[in-house]
Amino acid sequence: MRRLPSAFFARDAIEVAPELLNKVLRVGGVDARIVEVEAYTQDDPASHSFRGRTRRNEVMFGPPGRLYVYFVYGMHYCVNLVTGTVGDGQAVLLRAAVIDGIDRRRTDGPAKLARSLGLDLAHNGSTADVYDDGVGPPELPVVSNRVGITRAADWPRRYRLPPTRKE
DNA sequence: AATCTGATCGTG
DNA sequence: ACGATCAGATTA
């Protein structure tokens, strides 16, 4: 299990996002294998950073490799990994993961995943522990448009593991 | 100051 | 299809 250096995250979110597939996020001793992500860059009208730096999104503009956690819909938290260089507001939203011993249906959405990992605003801005356990990202990730947003929903910035094929 | 909207989810 | 539930953004 090699811990990813911050240099891994110091690149464009669109470059980092597909490579995060099959990486392992460790929080509080729990390992979550990332299987679906979404890239948010500053030029994206749907990104929190689109209209510049605010109190809420300032972590997105900070150093890469940290957690950006935000509160939405009055009841949910979502978790991102900050990418790019300092001053560049971007991040990769974690949409789904696989955690040993936890039902898949509890980790197959951004808010559900955050809840399963026990992440909330107290973790916003903290350093992320992400590992490469040797599996590596898929050669051909499934890239598709986004769901649950109104602005620029058709931008192909959602990345998932391809469906597993049987022999 | 008032209103709108949302990177969601569970229920109906 | 909709309500929950609230903070940030937008408009005035």
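Below, read A as the first sequence line, B as the second, and so on, with proteins coming before strands; counting in each chain starts at 1.
- The distance from atom CZ of Arg51(A) to atom P of dG6(B) is 10 Å, rounded to the nearest whole Å.
- A heavy-atom distance below 4.5 Å is not found between the side chains of Pro137(A) and Asn22(A).
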- Task: Check the pair Asp88(A) / Arg11(A) against salt bridge (charged side-chain N to carboxylate O under 4.0 Å, His left out), numbers first and verdict last.
- Result: CA-CA 10 Å; Asp88(A) 195 1; Arg11(A) 297 175 289 149; over 6 Å; no
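- Nucleotides of DNA chain C that come within less than 4.0 Å of any heavy atom of chain A span, from the 5' end to the 3' end, dA4(C) to dT10(C).
- Between Glu38(A) and Arg157(A), no side-chain nitrogen of the basic residue sits less than 4.0 Å from a carboxylate oxygen of the acidic one, so the salt-bridge criterion is not met.
- Contacts of Arg95(A) with the nucleic acid, taken as non-hydrogen atoms under 4.0 Å apart, involve only primed sugar atoms and P, OP1 or OP2.
- Counting heavy atoms from C-beta outward, Leu67(A) and Leu81(A) have side chains that approach closer than 4.5 Å.
- Across all strands shown, dT5(B) forms a Watson-Crick or G-U wobble pair with dA7(C), both key distances being under 3.5 Å.
- Here dG6(B) presents its P atom at 17 Å from CG of Asn57(A), a figure rounded to the nearest Å.
- Rounded to whole Å, the separation between the P atoms of dC2(C) and dT5(B) comes to 16 Å.
- When the side-chain nitrogen and oxygen atoms of Thr150(A) are compared with OP1 and OP2 of dT5(B), none of them lie within a distance under 4.0 Å.
- Rounded to whole Å, atom C1' of dA7(B) lies 13 Å from atom CZ of Arg157(A).
- Distance CE (Met75(A)) to P (dA7(B)): 15 Å, rounded to an integer number of Å.
- For dA7(B), the OP1/OP2 oxygens have a side-chain nitrogen or oxygen of His48(A) closer than 4.0 Å.
- Tyr131(A) does not carry Arg2(A) over the face of its six-membered ring by the limits of under 6.0 Å from the centre and within 45° of the normal.
- To the nearest angstrom, P of dT8(B) lies 11 Å from CG of Asn80(A).
- For the pair Tyr77(A) OH and dC9(B) P, the computed distance is 15 Å after rounding to whole Å.
- Whole-Å rounding puts the Lys112(A) NZ to dT11(B) P distance at 11 Å.
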- Item | Residues Arg33(A), Asp133(A); criterion salt bridge (charged side-chain N to carboxylate O under 4.0 Å, His left out); working and verdict | CA-CA 10 Å; Arg33(A) 177 175 304 277; Asp133(A) 67 355; 2.5 Å; yes
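- Between His48(A) and Tyr68(A), the ring planes lie perpendicular to each other; the angle is over 60°, past the 30° to 60° tilted range.
- Atom OH in Tyr70(A) sits roughly 13 Å away from atom C1' in dT5(B) (whole-Å rounding).
- Taking a 4.0 Å limit (strictly below) on heavy-atom distances, residues 102-111 of chain A reaches DNA chain B at Arg106(A), Gly109(A), Pro110(A), Ala111(A).
- Val30(A) and Leu119(A) fall within a single hydrophobic cluster, where Ile, Leu, Val, Met, Phe, Trp and Tyr are joined by side-chain heavy atoms under 4.5 Å apart, directly or via other members.
- Counting non-hydrogen atoms under 4.0 angstrom, Arg55(A) reaches nothing in the nucleic acid.
- Looking at heavy-atom distances under 4.0 Å, Ile149(A) makes contact with sugar-phosphate atoms alone, never a base.
- Between Lys23(A) and Asp31(A) no salt bridge is recorded (no basic side-chain N to carboxylate O distance below 4.0 Å).
- Residues satisfying the salt bridge (Lys or Arg N to Asp or Glu O under 4.0 Å) criterion with Arg66(A), sequence neighbours excluded, are absent altogether.
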